[in-house]
Amino acid sequence: MIRDVRLAHADFDPAHEMAHFTARQDAGGVTSFLGKVRSEASDNPVLALELRHYAPLTLPGMEELAMRAERNWKLTGLLIIHREGVMEPGDPIVLVACGARHRRDAFEASDFLMDHLKSESWFWKREKTANGWRWIEPRAQDADDLARWAHIR
Amino acid sequence: MIRDVRLAHADFDPAHEMAHFTARQDAGGVTSFLGKVRSEASDNPVLALELRHYAPLTLPGMEELAMRAERNWKLTGLLIIHREGVMEPGDPIVLVACGARHRRDAFEASDFLMDHLKSESWFWKREKTANGWRWIEPRAQDADDLARWAHIR
Amino acid sequence: MSLKLVFLGRLEDVAGHGEIALDIAGPLTLSEIAERLEPQLAVAISAANVRIALNGSLVSPGGWTAGNGDELAFLPPVSGG
Amino acid sequence: MSLKLVFLGRLEDVAGHGEIALDIAGPLTLSEIAERLEPQLAVAISAANVRIALNGSLVSPGGWTAGNGDELAFLPPVSGG
């Protein structure tokens, strides 16, 4: 079982990371999710995105989340890379990947990880447009997504 | 909306394909599934895997499947690359990716595509071990996976 | 005159070939085609879970004939991906 | 003696800084700390959805004091990924 959980302080190359992660395991299948900085917010071009975090909690929380996923699905590998800092449109924010013998495990674990990274990890996001910086508030959809996993310990 | 659906007759590079697909769209998120030839079958080393297909139906069926996914989820891009022919352990068999503004669309569409590629596309798989070639029969799990999408037209 | 039969998946093993060219005098129904094959193959292609494609389009087991130049494919349950 | 306060997310805008060093005479409760802040900030950090971490561990709003050298972080609802 490969576990690779990182807080990235600078730009990273998702294609390179995926190729490396995939080559390291004998998984039947590997699922991934890549989140990128969008280029528009409510029709305003996005100039920059910043993710602030709280170091004493952020990476430990990500590692605990990874272990929860490993307890609940049968995985051959798990990858989480999450950026912090200031990014530009098109930059990768988060890359999650799960390898498994059976694809249902890989799909569900990736989905679980993303819902929790969005709503339960220690990141605060703000976006800069021509109107200046604006903090992004949590969406109701995020809470709904999270509620789907109430049965997972 | 980008639609890239291919039947691959030779080895392909999933990392390159993903990087290309991702760069071409302004998606908030991109999910993917990569299926590879496993190296063991019931504890016997796998020497080769062959996917046979029926050309008049195979690619048209994949394209129809892609259009079904596009009708049911809001996607910015959809990628399907499926191998045919003889492969070795570790070789990519299938790569599916979906880009969307909202990650639930991307996750569900990828999941839908994979379940249907496994159980409703015109491929027949056989595996070679020290015991010779053996056709892989459909699994009950495949039918169960498919049944989850009964509500999708 | 000749009719091309195509066998996919494990049906290829039963047939011994991926394709067979059947010499025919005129258009045949599925039953008439089955009668021309080895009994084991005739049974295998008649299984309820074997789909049939005539010239690249899926057809039901009855209601058609296949004649000179046609291609008839026998498709057992798939196991792709 | 000094206590470090850390403000995340929109609380940073309310505080005007990401961090504030509070001169203290001894350990303080949350209420005592709030009394030392601008009213607007005191209200903001007291919201029910603001979590608190003392020296890197989450704590409930009561049952502790923070003293010299401690770090107290105020964490509004997250919006990551």
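Protein chains get the first letters and strands the later ones, always in sequence-line order, with residue 1 at the start of each.
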**Item:** Where B:Pro138 and C:Val78 come nearest, the two heavy atoms and their spacing
**Value:**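 It is CG-O, 3.3 Å.
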
**Prompt:** Closest approach of B:Lys125 and C:Ser79, non-hydrogen atoms and distance?
**Reply:**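 Minimum heavy-atom contact is CB-O, 3.0 Å.
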
Can you tell me if [X] has over 12 outside heavy atoms packed within less than 6.0 Å of its [atom1]?
X       : atom1 : answer
B:Glu88 : CD    : no
C:Glu38 : CD    : no
B:Glu64 : CD    : no
C:Arg51 : CZ    : no

**Message:** Is B:Glu137 close to chain C through its backbone or its side chain, or both, or neither, when contacts mean heavy atoms under 4.5 Å?
**Reply:** both

**Prompt:** Can you tell me how far the CG atom of B:Leu57 sits from the CG atom of C:Leu8, to the nearest 0.5 Å?
**Reply:** 8.5 Å

**Request:** Measure the spacing between CH2 of B:Trp135 and CG of C:Leu11 and express it to the nearest 0.5 Å.
**Result:**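 So the gap between those two atoms works out to 9.5 Å.
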
**Asked** In terms of heavy-atom pairs under 4.5 Å, which option from C:Pro76, C:Gly56, C:Ser57 contacts chain B the most?
**Response** C:Pro76

